[in-house]
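What follows is a set of notes on a single structure, which appears directly below.
Everything numeric in this text was worked out from a predicted model, so none of it was measured.
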Amino acid sequence: MAGSGNSGIDPELVISHKFPESLHTYTERDAAIYALGVGACTKDAIDDKELKYVYHQDGQEFIQVLPTFSTLFTVGIPSQMEQLPGLPFDPRLLLHGQQYIEVYKPLPSHGCILNKTSIAGLHDKGKAAVLEVEIVSYEKESGERLCMNRLSIYLRGAGGFSKSSQPYSYSSNHSNQSAFPKIPKSQPFAVYEECTHASQALLYRLSGDYNPLHSDPKFAESAGFSRPILHGLCTLGFAVRTIIKCICGGDQNTIKSVSGRFLLHVYPGETLITEMWLEGLRYVKLVRPLPYDSFYLSVFSRLKRPVAMCRVIYQVKVKERNRAVLFGFVDLDRLSSSL
């Protein structure tokens, strides 16, 4: 049901807003700190699938970068929204609801990134407004497109701005990229359990998200939490890193897209259980055999035929509270050529 139009939001002003282009410069050190912040090498400091994110493993010239590192290019968006014309809202009532990522080429270990930001959607949900913000990132020197992030942000108390009987809804995305699959009722294909550290949020915040909700006990208490909570994008980083480790044979470059919906907070120190299902498998005839490792032998013996592309549906639960905190999908575009 449409609202009375009293929220003060001017939708035409919002969707027509032009953001200035911005630059994001980072170094190998930033990429390594991010990897540690989302749990790389937590279980094993010499993990042969994860050491490459923090060290020049086996003489590699540069460290490798996790695809979710690109979410750091979006850290300044909430503060930019406060200056967005036609969009009055209470920043304390802002919730990061969803994140969608497309990866066009592997992220470099260091560089200067040019970000182009636009409004991708605005929806009146009655008591809340949902704003979709899209950031396309380019390597500044070459001009090559690297990735795209789309955030869905819930603004509680900002709904009811529709002027007609139909709730206002605008979206520039017509390919249903943000549609979420249902969690399968079948047993997961793989399950991975991992503890976060009590200081996980303090480590992750070094990557640039200094919201006191994740570090200040009094601020967290005023927001209704017993103590500071983990960043939602940190939990997403844990989940995608787990999928790379368990499904992709450690090859982060098989990731084509990532989608995540945040359901509930995580407290640092809690145990994350990531459940993974394979869906929509597409098969091809291989020209030559591949030297699969033991995990892939297990995978393909169960699937009977070699996989060229698939979607991983995942769900992350907190073990201590037995609650789902995140779910979504990851699309893989190919098998690792290094297997």
Under the 3.5 angstrom rule, does the side chain of R227 hit a backbone N or O of A220 as a donor-acceptor pair?
no
Please report whether the ring centroid of Y314 lies less than 6.0 Å from that of F329.
no
Do you know which of R321, H265, K317, K319 makes side chain to side chain donor-acceptor pair (under 3.5 Å) with E270?
R321
Between V325 and Y154, is there shared hydrophobic-cluster membership here, with clusters defined by ILVMFWY side-chain heavy atoms closer than 4.5 Å?
no
Backbone of T274 reached by a side-chain donor or acceptor of Q315 within 3.5 Å
no
Side chain to side chain donor-acceptor pair (under 3.5 Å) between S226 and Y267, worked out
CA-CA 9 Å; S226 61; Y267 287 114; 3.3 Å; yes
What I want to find out is whether D90 reaches R92 closely enough, with some N-O distance under 4.0 Å, to be called a salt bridge.
yes
Donor-acceptor under 3.5 Å (Y55 side chain, I46 main chain)
no
Hey, are E194 and T271 close enough side-chain-wise for a donor-acceptor pair under 3.5 Å?
no
Between H24 and Y26, how do the two ring planes meet: parallel, tilted or perpendicular, split at 30° and 60°?
tilted
Cation-pi check for F161 against K125: NZ or CZ below 6.0 Å from the six-membered ring centre and within 45 degrees of the axis, yes or no?
no
One should read off an interatomic distance between C147 SG and F73 CZ, to the nearest 0.5 angstrom, of 5.0 Å
Qualifying residue for side-chain contact (heavy atoms from CB on, under 4.5 Å) with I101, from V240, T71, I255:
T71
Find out whether H56 and I63 are in side-chain contact, i.e. whether some heavy atom of one side chain is under 4.5 Å from a heavy atom of the other.
yes
Please say yes or no: joined through hydrophobic side-chain contacts below 4.5 Å, possibly via intermediate residues, are F89 and F19 part of one cluster?
yes
Supply the atom-to-atom distance L151 CG to Y100 OH, rounded to the nearest 0.5 angstrom.
13.5 Å
Say you draw a straight line from CZ of R261 to CG of L326; how long is it, rounded to the nearest 0.5 Å?
10.5 Å
If you count the non-hydrogen atoms of other residues, nucleotides and ligands that lie under 6.0 Å from CD in E221, is the total more than 12?
no
Got a salt bridge between D47 and K245, using NZ or NE/NH1/NH2 to carboxylate O under 4.0 Å?
yes
Looking at H123 versus Y170, is the centre-to-centre ring distance below 6.0 Å?
no
I'd like to know if the side chain of E132 and the backbone of A120 have a donor-acceptor N/O pair within less than 3.5 Å.
no
Evaluate L206 against Y204 for side-chain contact (heavy atoms from CB on, under 4.5 Å), listing each step before the verdict.
CA-CA 5 Å; L206 298 179; Y204 183 84; over 6 Å; no
Test your reading of the model: is there a side-chain donor-acceptor pair from T196 to the backbone of G269, 3.5 Å cut-off?
yes
Indicate, with yes or no, if the rings of F262 and H96 have centres closer together than 6.0 Å.
yes
Short side-chain to backbone donor-acceptor contact, R145 and Y138, under 3.5 Å:
no
Can you find a heavy atom in the side chain of V330 that is under 4.5 Å from one in the side chain of S257?
no
With the side chain counted from C-beta on, respond yes when P167 and S162 share a heavy-atom pair under 4.5 Å apart, and no when they do not.
yes
Can any side-chain N or O of E134 pair as donor or acceptor with the backbone N or O of T117 at less than 3.5 Å?
no
Aromatic plane relationship, F62 with H110 - under 30° parallel, 30 to 60° tilted, over 60° perpendicular:
tilted
Could you tell me whether the side chain of W277 and the main chain of S186 form a donor-acceptor pair under 3.5 Å?
yes
Should N149 and T74 be marked as a side chain to side chain donor-acceptor pair (under 3.5 Å) after you check the CA-CA gap, both sets of side-chain angles, and the distance that decides it?
CA-CA 8 Å; N149 278 267; T74 72; 5.3 Å; no
Can you tell me how far apart NE2 (H17) and CG (L122) are? Round to the nearest 0.5 Å.
13.5 Å
Is D124 reaching over with its side chain to a backbone N or O of G159, donor-acceptor style, under 3.5 angstrom?
no
Please determine whether side chain to side chain donor-acceptor pair (under 3.5 Å) holds for the pair D251 and T254, giving the CA-CA distance in whole Å, both sets of side-chain angles, and the decisive distance to 0.1 Å.
CA-CA 6 Å; D251 185 357; T254 61; 5.4 Å; no
So does N115 get a backbone contact from the side chain of S137, meaning a donor-acceptor N/O pair under 3.5 Å?
no
Are the side chains of I77 and I153 in touch, meaning some heavy atoms are under 4.5 Å apart?
yes
